[in-house]
Amino acid sequence: AQVASAAVIGVTVTAPIAGDAWNATQNITWSCSDNGVSPKCSDVSLDSISYSPDGGTSWEPVGYTSGPFADVGTFSWNTLTGNGGGSNTESSNGIIRVILNSAGVNSTSGTFTVDNTPPVIDTITTGDANSNGFIDSITLTFFHGGKQYRLCKNKYKRIYCCRSHT
């Protein structure tokens, strides 16, 4: 006698990934996999997307979508305003959770950072290499997300950016 295969459905959060630093609006993405036995990914719908600012201790709603999503899904999340009734909580220990309703499965992202703090300017330095009274280079140093950045312009009008960890 032939034994029927049971349906196996899995979901994987594909963004954010561990170590990401998010701000403003970002796309939460996920993928679904099945073994071809009904119900399939195309038969299930998303129950919820949640955000935990504290590594999974508490969860806040980020948003919902309706209808089946086949093999992939995307939700645009505004981390500044917390669309969909969600949070704009900044955190260095954030996690996203995606739950499929009729399949009873969920997946969480790796730990990532949400930081909407505006950059803080540290120094602005100008240079006059030719001593002709004209500024021919400028360096702007600022801090953002605990890292120091430098934006430079030289006399050849080339702009470049470098980062040094502090």
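Throughout, residue positions are numbered sequentially from 1 according to the sequence presented. Hydrogens, waters and symmetry mates play no part in the numbers below; they use all other heavy atoms, side chains included.
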Which atom pair, heavy atoms only, marks the closest approach of Phe134 to Asp128?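 Looking at all heavy atoms of both residues, the shortest contact is O-OD1, 3.1 Å.
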Minimum heavy-atom distance Trp59-Ile96, with the two atoms named: CZ3-C, 4.2 Å
Could you work out, with side chain to side chain contact (heavy atoms under 4.5 Å, CB included) as the rule, every residue matching Thr126, not counting sequence neighbours? Ile135, Ile138
According to a 4.5 Å side-chain heavy-atom criterion applied to Ile, Leu, Val, Met, Phe, Trp and Tyr, with indirect links allowed, do [X] and [Y] form part of one hydrophobic cluster?
| X | Y | answer |
| --- | --- | --- |
| Ile28 | Val11 | yes |
| Val114 | Ile49 | yes |
| Val105 | Val62 | yes |

Checking side-chain polar atoms at under 3.5 Å, does Glu60 have a donor or acceptor matched by the opposite partner on Ser50?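 Side-chain D/A pair, Glu60 to Ser50: absent.
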Classify the side-chain pair Thr14/Thr29 by whether it contains a donor and acceptor separated by less than 3.5 Å.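 Thr14 vs Thr29: donor-acceptor pair found between side chains.
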Please determine whether side-chain contact (heavy atoms from CB on, under 4.5 Å) holds for the pair Ile121 and Leu140, giving the CA-CA distance in whole Å, both sets of side-chain angles, and the decisive distance to 0.1 Å. CA-CA 7 Å; Ile121 295 175; Leu140 171 67; 3.6 Å; yes
Run the numbers on Asp115 and Thr117 for side chain to side chain donor-acceptor pair (under 3.5 Å), then give the verdict. CA-CA 6 Å; Asp115 183 2; Thr117 307; 2.8 Å; yes
Distance check, rounded to the nearest 0.5 Å: Arg97 atom CZ versus Ser109 atom OG?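 Nearest 0.5 Å value for the CZ-OG distance: 11.0 Å.
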From CD (Gln26) to CZ (Phe75), nearest 0.5 Å: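 With rounding to 0.5 Å, CD (Gln26) is 13.5 Å from CZ (Phe75).
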Output, in order, the C-alpha distance, side-chain angles, deciding distance and verdict of side-chain contact (heavy atoms from CB on, under 4.5 Å) for Leu100 and Cys32. CA-CA 9 Å; Leu100 304 181; Cys32 181; 4.2 Å; yes
Test item: Thr139 and Ile124 side chains (from C-beta on) under 4.5 Å apart, heavy atoms: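 Not in contact.
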Answer yes or no: is there a side-chain heavy-atom contact under 4.5 Å between Phe142 and Asp122?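 Phe142 vs Asp122: side chains apart.
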Trp77 vs Trp22 aromatic rings, parallel, tilted or perpendicular, using cut-offs 30° and 60°?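 Ring orientation of Trp77 relative to Trp22: tilted.
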Main chain of [Y], side chain of [X]: is a donor-acceptor contact present, judged purely on distance under 3.5 Å?
| X | Y | value |
| --- | --- | --- |
| Asn23 | Thr79 | no |
| Ser107 | Val13 | yes |
| Ser91 | Pro53 | yes |

Contacts of Ser52 that satisfy side chain to side chain donor-acceptor pair (under 3.5 Å) - sequence neighbours left out: Asp54
